[in-house]
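Here the structure is laid out as structure tokens; the discussion comes afterwards.
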Amino acid sequence: MNFHILTLFPEMVEQGLNTSIIGRACEKGTLSISAVNIRDYTLDKHKKVDDYPYGGGAGMLMQAQPVYDAYLYVMEKLKTKQRPRVIYVTPQGKVFNQSMAREMALEQDLIFLCGHYEGIDERVLEEIVTDYVSIGDYVLTGGELAAMVMIDSISRMVPGVLSNKESGETESFSSDLLEHPHYTRPEEWRGKKVPEVLLSGHHKNIEKWRLEQSIERTKSRRPDLYQKYLSNQ
Ligand code: ADE
């Protein structure tokens, strides 16, 4: 799967995503992540990419031309003829969740558009954006962190990215339940013992205990999710 990120801060995105699991998947060729610097596409001789909003108001806006030309550059590079989804990360979008991550992981190419300043000229958004997505009801200084959060979460749903195929599917949110608690060695730490059932080797009982823990945890920590779980039973 190929991620293309249109941004004014390409090094932020590249450095943030080149370590650990995502970095390894890029080395293997399962993923590719390329950041395109919008500033490289401005026709302004001083490399300016922003200007004042018509009608007045606080702050500056990113201009349409450099964003559009950076987008055209990515489109020319694509190997497929299919028009890819272009995701504008913005607090005005639909709130991202695990099922969106799963669904987006099926795409061959995804283009992310990261805004800065007060936003981007509406006309280029109308021209190129297919999805408006937010990572939560709070405001960041720019779209890069939001794009990185989404890319990380989408990537782990791409086959071959996680080494243990199971772990992408049997975790929090996959069934509207939070994951059960985990324990590793030693058997006792600061007087706290690992629950007896986990040492029993009795797989059926372990599964039953884990499900009960998941339900209990969801009920107390995420009552909203618990209601969703109940209504799907
Ligand atoms: N850009 C600024 N805030 C954002 C948010 N909450 N989600 C996505 N993109 C953003």
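Both counts, for ligands and for their atoms, begin at 1 and track the order of listing. Just so you know, these numbers use all the heavy atoms, side chains as well, and skip hydrogens, waters and symmetry mates.
- Counted within 6.0 Å of NZ on Lys94, heavy atoms from surrounding residues, nucleotides or ligands total 12 or fewer; the atom is thus considered open.
- Ligand 1 has at least one atom lying under 4.0 Å from a heavy atom of Gly142.
- When the heavy atoms of Gly115, Gly136, Pro91 are ranked by distance to atom 10 (C) of ligand 1, first place goes to Pro91.
- Atom 6 (N) of ligand 1 has Tyr138 O, 2.7 Å as its closest protein atom, hydrogens excluded (heavy atom only).
- Residues Leu78 and Met75 form a side-chain contact, since some pair of their non-hydrogen atoms from C-beta on lies under 4.5 Å apart.
- Only the side chain of Ala146 comes within 4.0 Å of ligand 1, judged by heavy-atom distances.
- The OH atom of Tyr71 lies 13.5 Å from the CD1 atom of Ile38; values are rounded to the nearest 0.5 Å.
- Salt bridge annotation for Lys208-Glu212: present, with a cationic side-chain nitrogen under 4.0 angstrom from a carboxylate oxygen.
- Taking every heavy atom of both residues into account, Pro84 and Thr130 meet most closely at O-CG2, 4.3 Å.
- Considering each of Ile135, Thr90, Val133, the one bringing a non-hydrogen atom nearest atom 9 (N) of ligand 1 is Thr90.
- Closest to atom 3 (N) of ligand 1, if we only count protein heavy atoms, is Leu140 N, 3.0 Å.
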